[in-house]
Amino acid sequence: MMRKPFLFILLGSFVTNLSQAQHLPVDYVNPLLGTATLWDSADLGFVHTHRAWGAEVFPGASLPNAMVQLSPVTQFHSGSGYQYEDTVIYGFIHTSKGHWNLCNIPIMPVTGTVGADDYRSGYNHQRESAHPGYYQVYLTRYGVNVELTSTLRCAYHKYTFRPGQSKELVVNLAMANERIMSWAIGQEGPNVFTGSQQGRETMYFYAVANHTIDRIDTLTKDTKIVPEVHFADAEKPLELQIGFSFVSVKNAKENLTREMSGKSFEAVRQEATDTWTALLSKIRVTGGTERQKGLFYSCLYRSFLWPALRSDINGDFTDLGGKVVNKGFNYYTEPSLWDEYRNKLILMGMLSPKVTNDVIQSLIDKGGVTGFMPTFFHGDHASVFVTGSYLRGLRGYDVNAAYHLMLKNATVEGTRKYVDEYNTKGYISELEVEKPVTNTVKKAAVTKTLEYAYDDYAVALLARELKDTASYRMLMKRTGNYKNVFDPSTRFMRGRLANGEWVRNFDPEYPYYEYMYREANAWESSFFAPHDTRGLIALYGGNKGLEKKLDSLFTIPWKGYEADNLTGFIGQYCQGNQPDHSYPFLYTFIGKQEKTQFYLDSILNHYYDMGKDKLAYAGMDDAGEMSSWYVFSAMGFYPFSPADPSYVVSVPLFDKVEIRQADGKTFTIVKEKTGERISDIRYGGEKISDYKLDDRMIKNGGQLIITTR
C-alpha cells in the first residue's frame with residue numbers, strides 16, 4: 001500500500017521535471033520576431049509610399065555579444081540583410097547588427113551551373129526554423145537543406161544536398177552591406193580555403209570542409225567576379241567549419257582550432273543552446289500568458305546580440321589606429337549608444353558584467369587613439385553609459401582614463417558638435433529654413449541642447465565620485481541648459497536662433513530627421529530632462545500643467561506624416577523610435593502612476609508582435625533598445641535616468657520575476673493582485689513611497705512586493 005503513492009510521486013516528479021525542461025526560457029525565444037515589416041497604414045500611422053523600416057533584426061545563429069552572426073541574406077543594403085516578406089536568399093552572412101552595414105562574407109551552397117548574378121534561391125517559411133544559436137532553411141532551387149550554428153568566433157554550416165548532386169559554394173566576397181575595397185581567396189591543402197574581405201574593417205577567414213576541394217574558380221559577368229568553390233563527389237552532407245578574425249588568417253585558424261575543431265554540428269549547436277540557456281535563465285518569470293513569456297524571452301534574447309566581439313581567442317585585436325595589440329581584455333565594437341544608453345546597456349551590465357566592463361574599456365581604448373570618448377550617431381552618451389555603470393558597481397576598467405575623455409568631450413570641440421556654442425550661449429542655435437521638409441538636415445539643435453545637458457549631468461556625477469569638485473560645479477550649472485530651448489509661449493522645446501529669437505516657421509507636429517530635432521517632432525522632444533523632473537514640471541506650471549500636456553501627447557492624432565524611422569503611434573507619442581521612450585513614466589512623477597501603467601500596458605500588449613504574421617515590432621530595434629524597453633517594463637522597473645543607479649517602479653506583467661545575481665543572490669519582484677494602480681510597494685518589509693527602486697536593492701537580493709488595486 002505504501003508503494004503506490006511513492007510510485008505516483010516519482011511519476012509526478014518526472015512529469016513536472018519534463019514539463020519544466022520543455023519550457024526553459026530559451027524555448028520561448030523566437031528569433032524570427034522582429035524580422036517582418038509593417039504594411040498596414042493603421043499600424044504605421046501613415047499611408048506608406050515605400051517599405052517602412054521594420055525592427056531590422058536578423059534571425060540567424062549567434063552567441064551573446066559574439067564576433068559571428070550567421071544569418072540568411074534576402075536583400076543586401078537593407079538593415080540586417082533579412083526581411084521576412086522576401087522570397088529569395090542570396091547566401092549566408094557572418095556579421096549583422098541590424099543597421100545598414102556589415103553582412104560580411106556571404107556564402108551560398110549551389111549545385112549545377114549558376115551565374116555571377118544568378119545564384120539566389122527561393123525559400124518559404126514552412127521549411128524554415130530558428131532557435132537561439134541555430135537556423136535552418138530549405139533552398140528550393142537547389143534542393144539543399146541548410147543548417148547553421150556558431151561559437152563566439154566561428155561558424156558551422158551544414159548543407160544536405162539531394163543524392164547525386166554536385167556541391168559548390170558561391171563566396172561573393174565583393175558583396176556586403178557596405179563598400180568592399182578588396183578581397184582575397186585561396187586554397188590551402190586538400191579541404192581548406194582561406195581569405196579576407198576588406199570594408200571598413202578587414203575580416204579574415206579560415207574554412208575547413210569535410211569534403212575534398214576539387215578547385216576554386218570564378219563566375220564572371222561584366223565587371224563582376226565571384227569565387228566558386230567546387231567539391232569532389234561525396235554522398236554525406238557538406239559541412240564547413242569557419243574561423244574568423246579581424247587580425248589575420250593565422251588568428252582565424254587558431255580561433256577555429258580552439259573553439260570548434262573536432263566537434264560535431266550537433267555538439268556545437270548544443271553548446272550554443274546551453275550558453276543561451278545560462279544567460280536567459282538569469283531572469284525567471286512566473287505567471288503571465290504563454291504569449292507574454294514568448295515576447296519577454298525573445299526580447300531578452302534580442303538584447304544581447306550587440307555590441308560584437310572583435311578580439312581573438314588569444315587576446316589580439318586591431319585597434320582604431322590599425323595596430324594589432326593585445327591588452328588583456330576582450331575588445332568590442334561600439335555600442336549603439338544613442339539608442340542603447342537608455343536601457344539596454346543597463347540590462348547588459350546587470351546580466352553580463354564582464355562583457356560590460358570590457359565594452360567600456362574598449363571605448364576607452366578607442367578614445368586613447370582619437371583623443372575623445374567615442375559616441376554613436378548623436379549626443380555624447382558614452383558618458384551616461386560609463387557613469388551609470390560605475391554607480392551600479394561595475395569597476396573593471398580604467399575609470400580615470402574614461403573620466404578625462406568624458407570631460408574633454410564636454411569642454412573641447414570634437415565628439416560634441418557645436419559644444420563651444422553650447423558652452424557659451426547655454427544652447428545650440430538653429431538656422432531658420434523657409435520651407436523645411438522631413439529630410440532637412442541642419443544642426444538638430446534642440447535635441448543636441450537637451451542631450452548635452454543630460455550628458456553634462458552624467459559627467460558631473462562621475463566628477464563628484466572622483467572628487468573633482470571644480471568640474472562638478474561647472475557641469476552642474478550647465479545641466480539646466482535644457483530650459484534655454486523651452487518656449488513658454490508654445491510650451492514646447494523649440495529651435496532658437498543665434499540672436500535668441502525663436503525659429504519662426506514652427507509646427508510642433510511636423511517630424512524632422514535633423515532640423516531642430518533628431519528623428520522626432522516637438523511633441524516627441526519636449527519632455528526630455530530625466531535628471532531634473534522637478535524642473536521640467538515647473539516649466540509646465542506644476543503637476544496639473546504637465547499632466548494636461550502629457551495627455552495631449554498621447555491623444556492628439558498623428559497627421560499621417562511619413563518618416564522611415566517614425567512608426568507606431570499613440571497620439572503624437574512614437575513607440576517606433578527612441579526619443580520619447582521614457583515619457584509614459586513621467587505620469588508617475590506627478591502622482592498619476594495609473595496613467596503610466598495604462599500606456600505601458602497598451603504598448604506591451606500591442607507593439608511587439610504586430611502585422612499579419614505577428615512578427616513585426618512597432619519600429620526599429622536599434623541593436624536591442626526596443627527589446628530592452630519591453631524587458632524592463634514587463635519586469636516592473638525602468639531606468640528612467642540611466643546615469644543614476646535607480647529605477648522607477650511600475651506594475652510587472654508577471655506574478656513573480658526572479659533575477660539571479662552573479663554572486664548567487666536573487667532579487668525577486670512579487671505582484672499582488674491584478675490592478676493597474678499601485679497601492680503599496682515594500683522592500684524587505686519597508687514601505688517605498690516614491691516609486692524609486694535603488695540598484696543596491698537589486699544587488700543585495702531580497703524581495704520587492706508590489707501590491708495593486
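Keep in mind it's a predicted model, so treat the numbers as computed, not measured. The figures here come from the full heavy-atom set of this structure, side chains too, leaving out hydrogens, waters and symmetry mates.
Every residue two or more places apart in sequence or in another chain was checked for a side chain to side chain donor-acceptor pair (under 3.5 Å) with Tyr513, and none qualifies. Annotation: salt bridge (Lys or Arg N to Asp or Glu O under 4.0 Å) contacts of Arg518 (sequence neighbours excluded): Glu514. Contacts of Ser62 classified as side-chain contact (heavy atoms from CB on, under 4.5 Å), with partners at least two apart in sequence or in another chain: Phe58, Ala66, Gln69, Leu305. Every residue was checked against the ring-ring contact (aromatic ring centres under 6.0 Å, His included) condition with Tyr135, not counting sequence neighbours, and none meets it. Legend: residues meeting salt bridge (Lys or Arg N to Asp or Glu O under 4.0 Å) with Asp644, ordered by chain and number and at least two apart, are absent. For the side chain to side chain donor-acceptor pair (under 3.5 Å) test, no residue two or more places apart in sequence or in another chain qualifies with Asp398. Judged as a side-chain contact (heavy atoms from CB on, under 4.5 Å), and not counting sequence neighbours, the contacts of Pro645 are Leu391, Arg392, Asp695. Taking Phe637 as the reference, Phe632, Tyr647 meet the ring-ring contact (aromatic ring centres under 6.0 Å, His included) condition, with sequence neighbours excluded. Scanning for ring-ring contact (aromatic ring centres under 6.0 Å, His included) contacts around Phe246 gives an empty result, with sequence neighbours left out.
Among pairs with a residue in residues 452-462, those fulfilling salt bridge (Lys or Arg N to Asp or Glu O under 4.0 Å) read Arg416-Asp456, Asp456-Arg478, at least two apart in sequence or across chains. Residue pairs meeting the salt bridge (Lys or Arg N to Asp or Glu O under 4.0 Å) criterion with at least one member in residues 351-379, sequence neighbours excluded, are Lys327-Asp365, Lys354-Asp358.
Cation-pi contact between Lys448 and Tyr418: absent, since separation from the ring centre below 6.0 Å together with deviation from the ring axis within 45° is not met.
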Check: residues 664-671 side-chain donor-acceptor pairs under 3.5 Å, at least two apart:
| from | atom 1 | to | atom 2 | distance (Å) |
| --- | --- | --- | --- | --- |
| Lys671 | NZ | Pro652 | O | 3.2 |
| Lys671 | NZ | Leu653 | O | 3.3 |

